[in-house]
K.L.:
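First the structure, then my questions, so here it is.
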Amino acid sequence: MSQERRIKFAWMDVLLLVFLASLAVLNPVSEIHAQLALLSIGIFQVFERSFIGFVGQRGETYSIIIKIALASLLISYTGSVQQPSINSSFYLIYYIPVVTAAMYSGPWGTLAWTALSSAAYCSFLIPALQVYRLTASGATELAIRNLFFFLAAMLVNRFVMESRQQAERYRQVAEQLADTNRQLKQAQAEARRSERLAALGQLSAGLAHEIRNPLGVIKGSAETLGKKLPTEDPVARELAGYISSEVNRLNSLVSRFLSFAKPLELKKQPEDISLIVEHAIKAAQEQWPDSSVEVDRDYAKDIPPVDVDAELTEQVFKNLVFNAFEAMEPDGGTLNVQITKEYSDGRRGVEVAFSDSGPGVPPELREQIFNPFFTTKSTGVGLGLSIVSKIVDDHGGWIRVEPSAGKGACFRVFLPAE
Ligand code: ADP
């Protein structure tokens with residue numbers, strides 16, 4: 001593609017040089033300076049893009065000025081005593097700066113540059129008037145020539161503006177497409193996650209039921225055994241105690257397992273999301289009273305009430321805030337909590353974003369952290385985010401994790417308002 005472009009440009013350049021060379025050959029005055037001016041125009045035209053790239057921001061303005069100067073130089077060399085420069089048939093050379101200005105500027109800029117080119121051309125009238133008189137037909141001819149400059153400039157400018165607008169429309173459509181594509185991929189990943197969690201939920205519910213019954217028997221037997229053991233055998237009693245306490249631990253794990261698996265019964269009513277978020281923050285601050293984590297709030301005004309189950313939603317926010325505190329402890333950091341009105345997948349709702357300054361979540365773990373029992377903490381269970389994800393799913397919302405602005409993780413929760 002780029003090679004194709006280069007070849008096309010080389011052809012255009014060659015053609016341009018051929019045109020200018022033909023003009024040089026046809027030049028009736030055969031003045032060497034005029035040939036040189038034509039050559040300079042050709043060379044400048046060929047290297048114009050590189051010149052603009054080199055000069056930068058003001059390159060286009062300089063390019064138009066240089067072209068007006070070169071065109072004027074050519075006109076000045078194509079005049080003679082019998083034929084003043086203003087009469088030169090090379091006056092058409094001014095179309096080069098005029099068209100260039102129309103390509104680079106807006107309508108007003110084009111008018112201004114064309115007026116300047118026209119003034120540069122008309123300035124040749126001054127030396128001519130010292131020798132000749134301006135006749136009415138001469139003045140008309142001059143006016144027509146100038147008017148044609150403006151006509152050409154405005155036509156080219158209109159075409160350029162239209163194609164610029166068209167290019168802008170294409171760019172916007174391409175951006176929208178890329179955005180929709182990204183959203184679609186994200187929605188697909190979220191749907192896969194929901195399906196995976198639902199399947200895991202079913203599996204765990206079955207498994208937990210099967211584990212619970214024998215656990216009850218083990219616990220009962222251990223307790224009976226403990227009571228029946230002679231008091232003078234402390235080791236045996238201690239072992240029976242271990243069995244009992246470990247069974248309790250397993251039981252609580254199974255209960256959490258079941259709470260993850262069982263379908264949620266939502267008691268929805270319109271709630272002020274910022275109040276629920278505040279409860280969660282307060283709970284974390286009570287859990288870590290000496291924490292040096294700073295909470296930075298950014299709540300939009302006019303947040304509509306959202307139909308949610310307050311208890312379960314608080315569980316969601318608590319999990320996220322606790323995870324953020326855990327990620328930043330013991331060094332501390334900043335937890336930024338942002339609540340905004342959002343429009344997602346055609347639904348109005350509220351988005352709550354928790355951005356911490358902890359170590360963040362590596363990209364390869366961003367989906368895994370939502371799986372039950374996935375944890376990187378030595379004392380973690382790994383059920384928090386899977387329960388969060390399930391509660392948010394059941395509310396018809398979504399949860400996403402992304403890197404936060406500086407470092408750290410940003411968890412975004414969207415809850416639809418209707
Ligand atoms: P747990 O907290 O028991 O590990 P979770 O399901 O809540 O279980 O979290 C799973 C994993 O997700 C954590 O072990 C941790 O690796 C990662 N994680 C969650 N929140 C954050 C966070 N704010 N910053 C970094 N990692 C996080």
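Just so you know, these numbers use all the heavy atoms, side chains as well, and skip hydrogens, waters and symmetry mates.
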K.L.:
So, do N248 and K219 sit near enough that their side-chain heavy atoms are less than 4.5 Å apart?
P.N.:
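SC-SC contact between N248 and K219 confirmed.
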K.L.:
For the residue pair R366 and P403, what are the closest heavy atoms and their distance?
P.N.:
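The pair with the smallest heavy-atom distance is NH2-CG, 3.5 Å.
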K.L.:
Is the backbone N or O of L142 less than 3.5 Å from a side-chain atom of N146, with the two atoms forming a donor-acceptor pair by type?
P.N.:
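Yes, because the side chain of N146 sits within donor-acceptor range (under 3.5 Å) of the backbone of L142.
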K.L.:
Please check if the side chain of T180 supplies one atom and the backbone of Q176 the other of a donor-acceptor pair under 3.5 Å.
P.N.:
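It does hold such a pair.
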K.L.:
Which pair of non-hydrogen atoms, one from V321 and one from A284, has the smallest distance, and what is that distance?
P.N.:
CG1-CB, 3.5 Å
K.L.:
Restricting to ring pair (Phe, Tyr, Trp, His ring centres under 6.0 Å), what partner residues turn up for F325, sequence neighbours left out?
P.N.:
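Only W288 meet the ring pair (Phe, Tyr, Trp, His ring centres under 6.0 Å) criterion with F325.
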K.L.:
Are any non-hydrogen side-chain atoms of K341 and D302 less than 4.5 angstrom apart?
P.N.:
yes
K.L.:
Determine whether more than 12 heavy atoms belonging to other residues, nucleotides or ligands lie under 6.0 Å from atom NZ of K282.
P.N.:
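Result for NZ/K282: open.
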K.L.:
Does one side chain, of E329 or S291, offer a donor that lies under 3.5 Å from an acceptor on the other?
P.N.:
yes
K.L.:
Please walk me through it: do Y94 and S72 pass side chain to side chain contact (heavy atoms under 4.5 Å, CB included)?
P.N.:
CA-CA 8 Å; Y94 280 107; S72 304; 2.8 Å; yes
K.L.:
Mind checking the CD-OG1 spacing from Q315 to T313? Nearest 0.5 Å is all I need.
P.N.:
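Separation between the atoms: 9.5 Å.
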K.L.:
Between E190 and R400, is there a salt bridge with N-O shorter than 4.0 Å?
P.N.:
yes
K.L.:
Please tell me if the side chains of R249 and V254 come closer than 4.5 Å, counting only heavy atoms from C-beta onward.
P.N.:
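R249 vs V254: side chains apart.
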K.L.:
Working to the nearest 0.5 Å, report the span between CZ of R212 and CG of N251.
P.N.:
6.0 Å
K.L.:
How about E311: does its CD atom have over 12 heavy atoms from other parts shown lying under 6.0 Å from it?
P.N.:
no
K.L.:
Please report the shortest heavy-atom distance between V293 and M328, naming the atom on each side.
P.N.:
CG1-CE, 3.6 Å
K.L.:
By the salt bridge (Lys or Arg N to Asp or Glu O under 4.0 Å) test, which pairs, at least two apart or in different chains, include something from residues 169-183?
P.N.:
E168-R171, R171-E175, D179-R182
K.L.:
Between the main-chain N or O of L73 and the side-chain N or O of S76, is there a donor-acceptor pair closer than 3.5 Å?
P.N.:
yes
K.L.:
Search all heavy atoms of K267 against all heavy atoms of D309 and return the closest pair with its distance.
P.N.:
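Nearest pair, atom of K267 first, then D309: N-OD2, 2.8 Å.
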K.L.:
Could you give me the CA-CA distance, side-chain angles and deciding distance for N323 and K377, then say whether side-chain hydrogen bond (donor to acceptor under 3.5 Å, both in side chains) is met?
P.N.:
CA-CA 10 Å; N323 273 346; K377 300 171 193 166; 2.8 Å; yes
K.L.:
Evaluate the criterion side chain to side chain contact (heavy atoms under 4.5 Å, CB included) for residue pair I273 and V308; output intermediate values, then yes/no.
P.N.:
CA-CA 9 Å; I273 290 293; V308 289; 4.3 Å; yes
K.L.:
Taking C-beta and beyond as the side chain, do I52 and Y104 meet within less than 4.5 Å on heavy atoms?
P.N.:
yes
K.L.:
Under the 3.5 angstrom rule, does the side chain of S389 hit a backbone N or O of L385 as a donor-acceptor pair?
P.N.:
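Here the side-chain-to-backbone pair does not exist.
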K.L.:
Which heavy atom in V392 sits nearest to a heavy atom in F414, and how many Å separate them?
P.N.:
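Looks like CG1-O, 4.2 Å.
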K.L.:
Are more than 12 heavy atoms, taken from residues, nucleotides or ligands other than E294, located less than 6.0 Å from that residue's CD atom?
P.N.:
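Counting other residues, nucleotides and ligands, CD of E294 stays at 12 neighbours or fewer.
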K.L.:
Does CD in E265 sit with more than 12 non-hydrogen atoms of other residues, nucleotides or ligands closer than 6.0 Å?
P.N.:
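No, the 6.0 Å shell around CD holds no more than 12 heavy atoms from other groups.
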K.L.:
Is it true that E195 and R192 have a side-chain N and a carboxylate O under 4.0 angstrom from each other?
P.N.:
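The answer is no: the pair does not qualify as a salt bridge.
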K.L.:
Apply salt bridge (Lys or Arg N to Asp or Glu O under 4.0 Å) to residues K67 and E48 and explain how you reach the verdict.
P.N.:
CA-CA 10 Å; K67 285 182 182 180; E48 188 183 10; 3.1 Å; yes
K.L.:
Any donor-acceptor pair under 3.5 Å linking the side chain of S357 with the backbone of T334?
P.N.:
yes
K.L.:
Should we say atom OH of Y132 is surrounded by more than 12 heavy atoms from elsewhere, each under 6.0 Å from it?
P.N.:
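Yes.
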K.L.:
Can you name the residues that form a salt bridge (charged side-chain N to carboxylate O under 4.0 Å, His left out) with R297, not counting sequence neighbours?
P.N.:
E278
K.L.:
Among residues at least two apart in sequence or on other chains, which ones pass ring pair (Phe, Tyr, Trp, His ring centres under 6.0 Å) with F47?
P.N.:
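Counting only residues at least two positions away or on another chain, F47 forms no ring pair (Phe, Tyr, Trp, His ring centres under 6.0 Å).
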K.L.:
NZ of K390 to CG of L312: how many Å apart, nearest 0.5 Å?
P.N.:
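It is 10.0 Å, given to the nearest 0.5 Å.
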K.L.:
Is the number of heavy atoms from other residues, nucleotides or ligands under 6.0 Å of Y299 OH greater than 12?
P.N.:
yes
K.L.:
Is there side-chain contact between V350 and E342, with heavy atoms separated by less than 4.5 Å?
P.N.:
no
K.L.:
Atom OG1 in T376, atom CD1 in I369: separation rounded to 0.5 Å?
P.N.:
9.0 Å
K.L.:
Surrounding CD of Q172 (heavy atoms of other residues, nucleotides or ligands, distance under 6.0 Å), is the total greater than 12?
P.N.:
yes
K.L.:
I want to check something: taking the side chain as every heavy atom from C-beta on, are V352 and F411 in contact at a cut-off of under 4.5 Å?
P.N.:
no
K.L.:
Using 0.5 Å steps for rounding, measure from the CG atom of L70 to the CG atom of L39.
P.N.:
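Answer for the CG-CG pair, L70 versus L39, is 10.5 Å.
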K.L.:
Does the side chain of M154 reach to within under 4.5 Å of the side chain of L111, using non-hydrogen atoms?
P.N.:
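Heavy-atom side-chain distance check passes, below 4.5 Å.
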K.L.:
Would you indicate whether the side-chain heavy atoms of S88 and I75 approach each other to under 4.5 Å?
P.N.:
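Heavy-atom side-chain distance check passes, below 4.5 Å.
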K.L.:
Determine, stepwise, if the pair V306 / E271 fulfils side chain to side chain contact (heavy atoms under 4.5 Å, CB included).
P.N.:
CA-CA 5 Å; V306 182; E271 301 281 354; 5.9 Å; no
K.L.:
Can you list the residues that meet the ring pair (Phe, Tyr, Trp, His ring centres under 6.0 Å) rule with F317, with sequence neighbours excluded?
P.N.:
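F354.
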K.L.:
Is there a donor-acceptor contact under 3.5 Å from the side chain of R164 to the main chain of F159?
P.N.:
no
K.L.:
Using ring pair (Phe, Tyr, Trp, His ring centres under 6.0 Å) as the criterion, list what pairs up with W113, not counting sequence neighbours.
P.N.:
none
K.L.:
Would you sort out whether L38 and F90 count as a side chain to side chain contact (heavy atoms under 4.5 Å, CB included), showing the intermediate values?
P.N.:
CA-CA 10 Å; L38 272 169; F90 280 85; 4.1 Å; yes
K.L.:
Taking the inter-plane angle between the rings of F149 and Y91 on a 0 to 90° scale, is it parallel (under 30°), tilted (30 to 60°) or perpendicular (over 60°)?
P.N.:
tilted
K.L.:
Inspect the contact between R196 and E367 and indicate whether a charged nitrogen and a carboxylate oxygen are less than 4.0 angstrom apart.
P.N.:
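So E367 pairs with R196 through a salt bridge.
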K.L.:
Any chance CZ of F148 has more than 12 other-residue heavy atoms, nucleotides or ligands included, within less than 6.0 Å?
P.N.:
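It does not: F148 CZ has 12 such atoms or fewer within range.
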K.L.:
Provide the closest heavy-atom pair for A128 versus P84 in the form atom of the first, atom of the second, distance.
P.N.:
CB-CB, 3.9 Å
K.L.:
Give, for atom CG of D296 and atom OG of S355, the distance between the pair rounded to the nearest 0.5 Å.
P.N.:
9.5 Å
K.L.:
Can R348 be said to sit on top of Y343's aromatic six-ring, NZ or CZ under 6.0 Å from centre and within 45° of the ring axis?
P.N.:
no
K.L.:
Kindly say whether A102 contributes a backbone atom to a donor-acceptor pair with the side chain of N157 at under 3.5 angstrom?
P.N.:
yes
